[in-house]
Amino acid sequence: MPASRFVASIVLAQVLAQIGAFTLPALLPGYLARWQLSATEAGWLIGAFFAAYVAAVPVLVALTDRVPARRIYLLGAACTALSHLGFALWAEGFWSALALRALAGIGWAGCYMPGLKALADRLEGAAQSRAVSWHAAGVGIAGAASFLVAGTLDSHAGPGAAFLFGGVAALVAFGIGAAVLPDLRPTPRPGALLDFRPVLRNRAAMAWIAGYTVHTWELAALRAWAVTFLALVIAQQGAPAWLPGPNVLFTLAGLLGIAVSILGNETAQRFGRGRVVAAAMGTAALLAVLTGVSALVSAPLAVACVLAWNAAIYLDSSALTAGTVQAAEPGLRGATMGLHSMCGYAGGFLGPLGVGVALDWAGPEALSAWGLAFGHVAVVTLLGLLVLRRLGRPA
């Protein structure tokens with residue numbers, strides 16, 4: 001199969017595997033009321049996806065250095081389909097939803113980095129970097145569309161229909177993976193399966209991994225709570241008639257973010273990855289604070305801040321992942337990408353939970369609480385930037 005067709009097939013499969021990932025954040029206001037969840041419980045439901053991913057990804061991705069990535073990918077797609085179908089048919093409250101969200105995290109651990117590694121193993125140089133960028137764009141498109149698709153299906157047929165759609169889409173991704181991924185066993189490397197010590201000694205890779213950790217922290221926090229934040233601001237502050245609903249708005253934010261992500265990767269290749277990442281992280285920290293404060297002013301300002309903050313977060317998305325891929329030693333690429341994902345999604349677990357805890361502490365119905373909830377993300381982002389720059393210096 002030609003490389004271009006192979007890349008397109010993998011990106012399409014990843015879009016379908018990811019399309020249901022943010023159905024719960026998109027429908028969170030309804031589930032908060034239906035299941036009488038606290039903000040902290042809601043944070044756990046969102047974060048369970050990332051926590052399970054963190055637990056599963058080092059094993060599943062490191063296994064791609066030992067067994068065909070195709071087998072890991074198909075396992076991940078099957079778990080993803082089962083989790084969405086289960087949420088539609090069996091979820092009845094916090095604990096059943098928590099288990100199914102964890103299964104979704106395991107599924108994505110089997111799909112995301114193994115699919116990306118399949119691309120990286122076939123390409124080199126600029127072609128590899130661009131494939132990584134398009135892969136990130138495809139995942140981003142699916143994440144953005146997830147909000148609009150879920151909101152539309154929910155309004156017409158209820159929340160179960162939204163989760164059923166995600167399950168069927170994941171089954172189609174399973175079929176694409178079975179058709180295009182080669183069943184070739186890689187040349188095994190010496191050492192234990194989960195021995196990440198060689199990766200930890202790679203300062204260049206660890207610098208990008210640190211940046212990706214806080215990137216996912218802030219992205220997950222915003223994705224988890226943006227719809228709820230905008231819905232609350234619109235309800236309390238009012239909004240002009242021309243302003244779309246929260247799910248449509250955050251879909252637009254995600255699509256804008258994808259374009260920014262591709263632009264960021266191309267800009268990084270031209271002007272230097274370190275400069276672009278530093279500018280993106282500094283801007284995102286400032287916008288996190290402004291977004292929290294904007295709730296006290298007006299709904300249009302809150303929307304503008306969410307759009308701008310989301311774009312700043314996406315600016316360094318592809319650049320960070322491409323940096324890790326290119327800094328990885330060839331025989332340790334699977335382990336390096338596994339650690340990259342594990343650390344990143346640990347941030348993805350803590351971000352939504354941190355926002356939920358802050359809201360419960362400050363009062364979830366108070367608009368002023370969002371300054372603290374989103375403000376903690378700014379502190380984390382700046383600390384991550386300091387770690388990235390320190391590790392990125394020559395030893």
Side-chain angles (χ1 to χ4, degrees), residues 1-21 53 56-57 59-85 104-146 149 165-188 258 261-262 265 317-318 321-322 324-326 328 330 333-338 340-341:
M1 178 183 292
S4 59
R5 187 179 301 174
F6 178 76
V7 171
S9 297
I10 295 299
V11 171
L12 175 60
Q14 297 292 59
V15 167
L16 293 170
Q18 176 77 342
I19 193 67
Y53 182 101
V57 77
V59 177
L60 295 179
V61 179
L63 275 172
T64 63
D65 286 331
R66 306 292 182 92
V67 302
R70 178 179 187 271
R71 301 180 190 179
I72 307 300
Y73 188 88
L74 295 181
L75 173 65
C79 289
T80 300
L82 181 60
S83 68
H84 294 324
L85 295 174
I106 295 170
W108 189 232
C111 289
Y112 183 35
M113 281 295 160
L116 180 56
K117 184 175 182 291
L119 293 181
D121 285 346
R122 185 161 177 175
L123 303 168
E124 297 293 340
Q128 182 190 75
S129 180
R130 286 190 171 90
V132 170
S133 181
W134 282 110
H135 180 275
V139 170
I141 288 172
S146 184
V149 169
F165 176 83
V168 172
L171 289 176
V172 177
F174 180 98
I176 294 173
V180 305
L181 288 172
D183 196 26
L184 299 176
R185 185 178 295 273
T187 302
I258 294 156
S261 177
I262 296 172
N265 188 61
S317 177
S318 294
T321 300
T324 300
V325 170
Q326 294 189 346
R333 184 170 285 154
T336 303
M337 293 170 69
H340 174 90
S341 265

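The closest side-chain heavy-atom distance from Thr321 to Leu116 is below 4.5 Å. Using a 4.5 Å cut-off on side-chain heavy atoms (C-beta onward), Ile10 and Leu181 make contact. Under the 4.5 Å side-chain criterion, counting only non-hydrogen atoms from C-beta, Ile19 is in contact with Phe165. Between Phe174 and Leu75 there is no side-chain heavy-atom pair separated by less than 4.5 Å. For the pair Tyr112 and Tyr53, the minimum side-chain heavy-atom distance is below 4.5 Å.
A pairwise comparison of heavy atoms in Ser146 and Ala21 identifies OG-N, 4.0 Å as the closest pair. When all heavy atoms of Ala173 and Ala13 are compared, the pair lying nearest together is CB-O, 3.3 Å. Scanning both residues, Gly107 and Cys79, for their nearest heavy atoms gives CA-CB, 3.7 Å. The nearest pair of heavy atoms linking Thr80 to Cys111 is OG1-SG, 4.4 Å.
In this view, Arg70 satisfies the salt bridge (charged side-chain N to carboxylate O under 4.0 Å, His left out) rule with no residue, not counting sequence neighbours.
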Without placing hydrogens or testing angles, list every side-chain donor-acceptor pair under 3.5 Å for residues 134-145, not counting sequence neighbours.
unit_1	atom_1	unit_2	atom_2	d
His135	NE2	Gln14	NE2	3.0

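Not one N or O on the side chain of Thr64 forms a donor-acceptor pair closer than 3.5 Å with the backbone of Pro114.
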